[in-house]
Each structure stands twice: as structure tokens, then as C-alpha cells.
Undergrad: 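Starting off with a structure, shown below.
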Amino acid sequence: MRYQHILLEPIEAGVVRLTINRPKVLNALNRATLEEIDQALDLLEANKNTRLLLITGAGDKAFVAGADIEEMRQLNSLEAKAFSAFGLGVLRRLENATFPVIALVNGFALGGGCELAMSCDLILASDNSKFGQPEINLGIPPGFGGSQRLTRLVGRPMTLELLYTGRILGAEEAQRFGLVNHIFPQESLMTKGMEMALDIVSKSRTSLQLIKQLVQRGQDLPLDNACIMESDQFGLSFSSPDQTEGMAAFLEKRAPNFN
Ligand code: CAA
């Protein structure tokens, strides 16, 4: 598969890296880039060897500086709604992917870029990264889920402050608000991301899938229903070879060997 706006590279052990590759416009997301991400997800979901996806931006300045303003300025209302719906759908696919997804935020993550990062399971950020939803300065609200995901991640008061003011957060502030898991020097972000990826893919694949589904689906359910779902998934895991191996390994005092 040939892509114009992204790079899709298998790294090792089922870890794949997707790089948004439009550095001249700070990796802004135009429709074609979103379509390529969507196609890449088709490919990754269909390949049973996919274990984990890393998403990053080309160059050392930006992860993604937002949706493509040059392209968006020409849209009418219906086209803008369709663009937003398409972007939301692609980001939703990342949240619902059957494998873990880690954002390696290596610079500006603004607007659609912050929304893309928030759709990933974990965010690892470089020390020069910057987060924000500056859409207010363009006379629009967020369009790829920022008003909803930010509220769920950092709470209502901080979300409203960020959306009202368009204020840009540095990596440390973003981490304090719970947006960012870890911060690394820019030059070691990829290595650290890969270390974490390899650690995760060494775990039980079945458990990873169940955990992702539980956290993802459970947050939108009433607690009682979410706990019933957890109980169901817990039970289900006892029919998996990974449960047999994991518990046997513990009792035999050895490391588990998950397939
Ligand atoms: N869309 C299109 N082009 C963009 C862009 C974007 N979101 N962000 C940057 N660029 C382009 C610039 O136009 C510029 O192109 P030229 O060289 O042809 O002039 C190039 O990338 C480099 O950018 P700057 O010269 O502006 O770089 P800087 O270092 O001075 O500033 C920045 C960096 C603060 C990130 C600034 O580029 C900026 O504010 N970008 C826009 C951020 C933004 O508003 N994002 C939200 C977009 S709306 C959105 O995302 C809606 C949604 O929720 C779906």
C-alpha cells in the first residue's frame, strides 16, 4: 500500500509506527491524511500480527498542529459537518482498535492534533511538546471530539478554560492535568516509546484486548453495568490459554510465556 501523507512501518514484535508525514504544514490533518489513517487501520486490524500501534508526527516540531486550516476554510456548513464526522469516526476507530495505541507527541499537538493524541490509549510526550485546543481563535469550536474527550480526561473547569482561551499547555502542565503519561527528552522519545511498547506486547494479548474494551466501554456505562461487564470479561478470560499459562507460571515461579 502506498501512502502520500503518512508512513506506516512495522518496527518489531508486531509493533507498528504510523507517522503523520506533512512536516511542511506541521502535519496538519487534511481529509486525505485522515483517509490514509483510516485505510491503515483497515490493514492493521486485518493483520493478526499487529500487536501495538505507535502514532507520531514527522520532524521535530510538531505531532499534529490541527486540522488543515487551508483546506477547511473553503468548506460550507454541510461539508464541515461531514469533515468533522469523518475525523471523529477515524479517531473513534483508534479508541476501539483491538490493539493498544500509544501517541508519541513530539511537538505541537493542537486542535485535531490534541484530539488525535487523546484518542490514543497512552500519551508519551517530548519535553518540547505543546497541547491545546485553539479553535476559539479561528471562530470555531473543536470538531474531532476535543470538547468531549478533554472533559472526560481533565474535567469540566479546565476544559472550559482551555476551550474559552485557546491557551497552549507545555508538557509538564499537560501532565499535571492528567493528559500526559510520561515526558521524555525529545531525542529519546522514540526509544522510550518503543521500550514501553515492547513491555506491553510481552503481556497476554487476550488480557490486553479485554482491558482495553473494559476501560473504553465501561466509562460510558453506569457503574453497576460496567462492573457486570468486568465480571463477564473476567469469567471469559478463564477460557483462554493465557490464563492457564499465567497462573501456572506464577505457581511454578517462572516467567509466563504468552503466545
Ligand atoms: N493547518 C494548515 N497549515 C498549518 C497548520 C494547520 N493547522 N498549522 C501550521 N500550518 C502551516 C503554516 O500555515 C505554515 O505554512 P507556511 O510555511 O506555508 O506559511 C507552516 O505550517 C509552519 O507554521 P508556522 O509558520 O505558523 O509555524 P510557527 O512555529 O510560527 O507556529 C503554530 C506554530 C503555533 C503551531 C502555528 O502554526 C499555529 O498556530 N497553527 C495552527 C494551530 C491551530 O489553530 N490548530 C487548530 C486547527 S482547527 C482544528 O483542529 C479543528 C478540529 O478540532 C478538527
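Both ligands and their constituent atoms are indexed starting at 1 by order of listing.
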Undergrad: Are the side chain of Asn106 and the backbone N or O of Ser126 linked by a donor-acceptor pair below 3.5 Å?
TA: no
Undergrad: Pick one: which of Lys212, Arg217, Arg149 meets side chain to side chain donor-acceptor pair (under 3.5 Å) with Glu95?
TA: Arg149
Undergrad: Please, which pairs that meet side-chain hydrogen bond (donor to acceptor under 3.5 Å, both in side chains) have at least one residue in residues 60-89, sequence neighbours excluded?
TA: Arg22-Asp68
Undergrad: Decide yes or no for Gln243 and Met247: does some side-chain heavy atom of the first lie under 4.5 Å from some side-chain heavy atom of the second?
TA: yes
Undergrad: Quick one, list the residues around ligand 1 where some non-hydrogen atom comes in under 4.0 Å, by chain and residue number.
TA: Lys24, Val25, Leu26, Ala28, Lys61, Ala65, Gly66, Ala67, Asp68, Ile69, Met72, Phe108, Leu110, Gly111, Gly112, Glu115, Pro134, Glu135, Leu138, Pro142, Gly143, Phe144
Undergrad: With distance as the sole test, does Glu245 use its side chain to make a donor-acceptor pair with the main-chain N or O of Asn257 at under 3.5 Å?
TA: yes
Undergrad: Donor-acceptor pair, Thr151 side chain versus Ser147 backbone, under 3.5 Å?
TA: yes
